[in-house]
Amino acid sequence: MTSKNLPKPSGPVPASPAGEYELRPGGIAARARAAAAPAYLAALNSEQGEAVESLDGPVLVLAGAGTGKTRVLTTRIAHILATGRARAGEILAVTFTNKAAREMKDRVIKLIGPAAEGMPWLGTFHSIGGKILRRHAELVGLKPDFTILDTDDQIRLLKQIIAAANIDDKRWPARQLAARIDHWKNRGLMPDQVPAGDGFAFADGRGVEFYAAYQERLRILNAVDFGDLLIGCLRLFRENADVLDIYRKRFRYMLVDEYQDTNVAQYLWLRLIAGKDGNVCCVGDDDQSIYGWRGAEVDNILRFEHDFPGAKVIRLERNYRSTAHILAAASHLIAHNESRLGKTLHTEGEDGEKVQVRGVWDGAEEARAVGEEIEQLQRQGHSLDEMAILVRASFQMREFEERFITLGLDYRVIGGPRFYERAEIRDAMAYLKVIANPSNDLAFERIVNTPRRGLGESSLQVLHEFARAEHIPLAEAAAILVETEELKPRQRQSLGGLLDDFARWREQSAHLPHGELAEIVLDESGYTQMWLNEKSADAPGRLENLKELVRSMEDFDSLAGFLEHISLVMDNERGGEGTERVSLMTLHSAKGLEFDTVFLPGWEEGLFPHQRAIDDAGRAGLEEERRLAYVGLTRARKRARISFAQNRRIHALWQSSIPSRFLDELPDGSVEIADSDTSFGGGMASNYGASRFDRDQAFAASYETPGWRRAQRNAPGGQRRGAGGGRAPVIDAEPVAREVSSTARFSPGERVFHQKFGYGRILAADGNKMTVDFEKAGRKRVIDSFLERH
DNA sequence: ATTAGCATCCTTTTT
DNA sequence: GGATGCTAAT
């Protein structure tokens, strides 16, 4: 541990900003000066301490799972403040999510008191980017009150652009273009910087053209999308050295959380502000990089020392979360990755239980087994809050939910559609946005005919044409048009009524509390009524959400403040739940969380690792999947339970599956095979053990299931997989074209046997998909390779 | 303007 | 299997 950066134990606090900086009298700062080492430092181990105290120059903290990453980050901030090296306003601290930002702020406050309260530059990349951009909006062609579009608005805008170019948006969907543009923005590319080849990927080379048109539209609307919050800054900084200079001087210390998740644009942004040798501290874990598919560049973290010459790299390898067995399993697994900086996690804790692996017949049995185990743990006094099921794909959740409902087991789904993404919230917001800013065309368009006012496409068309010709916002165009005969009387009246409503609401907004205003608006617009009339099952929930929205508005003192906040923040926090619940979520959303017991179902080839990941990105994709497995395992403090099913229904088709290769990558000594006595005789679970551990053969090759034996029998050499069965070939790390059996192996009328459904007769064949009328199970669609002639 | 029927998609998710 | 989104029909 270095101590050169420590404040001199009893000497005066460093000069300059320190003098201006004061904590509460007699607070921690005072004690820090008095004591040899401040209390907050004493709580750290030596590596953590070094990470906190290495304040000068670039530092990369490689923080393995459960090694106290957040503690380092927050203590570092506290340390900077307490030693008077910088004031709160001189520290830039960026995170990816608002949740992480909030948590960081709370913890700093806990460490050194409310002095941290006013950290204006602690936030997400986007919120800070937005803040900077707003201050200098004119320099990049925007007005300071620009609106931030979300994905939905973005797509509607792109649809218009595609339609305007007379392109079939069926063949070239706006979603796809949005994804492309997003991708470019993630890499920090403006339309004129997109590599020539890239543009051809959309609509025969018009992608870049549309990108440019989209940016132009945004500028006219005085709007930006999420990506612009960053690349807008890039442009601002590059074109205005003086502005960049302001921030370079201001941010004496910079901290970045989850550095492995940064994309190129974020890297460039940071690099511009920090320079080559700024006091930047990036904390991350290359082994937990799981967002490559949305633009994160693992390379950023792998190349850190190269990008910031002379950077100090500190590894945090002491794990405080998991038992030795869990840690061993995770470490052994992740060691199979090639692209990594390499860390060896260790713990001083107990061995604990081994990681349990269980083979089950199908998804239903998997859910049953997990449910049973949860109930058993519950009976032993374990809290449901300390158990989680982490799935690879969200469709896997359904089976668990169904099971838990029949068991009466309380569960909560984490993730899913965010509160503010729900249609009813977005509609309500659109009303408020139009009130706050009449020239917000996208918001106006969204609600002009919601609820139905007879203002359909043709009316809107007229509005659009007029607005465009006159270069005025839609609402303004509407105000003029209602005075004319352009529209049919009914439309004219309806639109006029709406405009009058808005005028009235706008008038009221000046003196009414905005919560109350929102209520009035939702009521008088007929929006509430619209949902009351709706008889679908989710209508009551939507009304509930609207109430929640009104309630949450009361926390803000101005409508504008609320709108700004909500476009960037608003999480779907479910506050005040009293009951204990099991958590159900995807592996991705589990990052950063921890539980005593973690269930990891669905470890099957094709599902996990996911076939698409491998097809799209080959070895890199596989490695990211492996990191996901690593993230999953390291969420567990005491118990990790993995399972795989032999049969799984994917897109309404039954497929038999091969256990995940990741199972083979777990160390024997830390894994045990669960004995599952299933309704199917329980043979296979122990066979799994036998083949894997007793005979010490390549696990998959000796895996004994009826389906597997059959596949082997069918193969000419009795060895190669997939050779004769017409089934998908070995799922490999490299992209592999799926074998399609050209000839149907069965014809209608034939009698067949299926492992799961028993005997039946072929009704129809569609490629390799067979419709079979089973004697016991009824009519099912199955893949031909799971059928046997009988 | 509303709605039924049809095709198509189906990994992960934040801002 | 199911959700979603568009077309065509009323």
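Labels below follow one simple rule: chain letters A, B, ... track the order of the sequence lines, proteins then strands, and each chain is numbered from 1.
Note on A/Lys159: only backbone sugar-phosphate atoms sit closer than 4.0 angstrom, heavy atoms only; bases stay farther off. Across all strands, A/Ser589 comes closer than 4.0 Å only to sugar-phosphate atoms, never to a base (heavy-atom distances). When heavy atoms are screened at a 4.0 angstrom cut-off, A/Gln396 is found touching no nucleic acid atom at all.
Between A/Arg398 and C/dA3 there is a side-chain polar atom (N or O) within less than 4.0 angstrom of OP1 or OP2. The side chain of A/Ser394 contributes an N or O atom lying less than 4.0 Å from OP1 or OP2 of B/dT12. Here A/Asn98 reaches the OP1 or OP2 of B/dT15: one of its side-chain N or O atoms lies under 4.0 Å away.
If you check the side chains of A/Gln288 and A/Tyr630, you find no donor sitting under 3.5 Å from an acceptor.
Ranked by how close their nearest DNA chain B nucleotide is to the 5' end, A/His610 and A/Gly227 are led by A/His610.
For A/Arg187 and A/Glu297, the salt-bridge test fails: no basic side-chain N is under 4.0 Å from an acidic carboxylate O.
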Could you run down the sub-3.5 Å N/O contacts of the protein with nucleotides 1-4 of chain B?
{"residue": "B/dA1", "atom": "OP1", "partner": "A/Gly454", "partner atom": "O", "Å": "3.2"}
{"residue": "B/dA1", "atom": "OP1", "partner": "A/Gly456", "partner atom": "N", "Å": "3.4"}
{"residue": "B/dT2", "atom": "OP2", "partner": "A/Arg452", "partner atom": "NE", "Å": "2.9"}
{"residue": "B/dT2", "atom": "OP2", "partner": "A/Arg452", "partner atom": "NH1", "Å": "3.2"}

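Base orientation of B/dT11: syn, the glycosidic angle falling within 90° of 0.
Between A/Phe237 and A/Tyr247, the ring-plane angle classifies as tilted under the 30° and 60° cut-offs. Aromatic ring pairs are classed by plane angle as parallel below 30°, tilted from 30° to 60° and perpendicular above 60°; the pair A/Trp293 and A/Tyr291 is tilted.
Panel note: side chain A/Glu605, backbone A/Arg661; a donor-acceptor pair is recorded below 3.5 Å.
With centres under 5.5 Å and a plane angle under 30° as the test, the ring of A/Phe96 is not stacked against the base of B/dT14.
A/Gln396 is not listed as a side-chain neighbour of A/Ser394, based on a closest heavy-atom distance of 4.5 Å or more.
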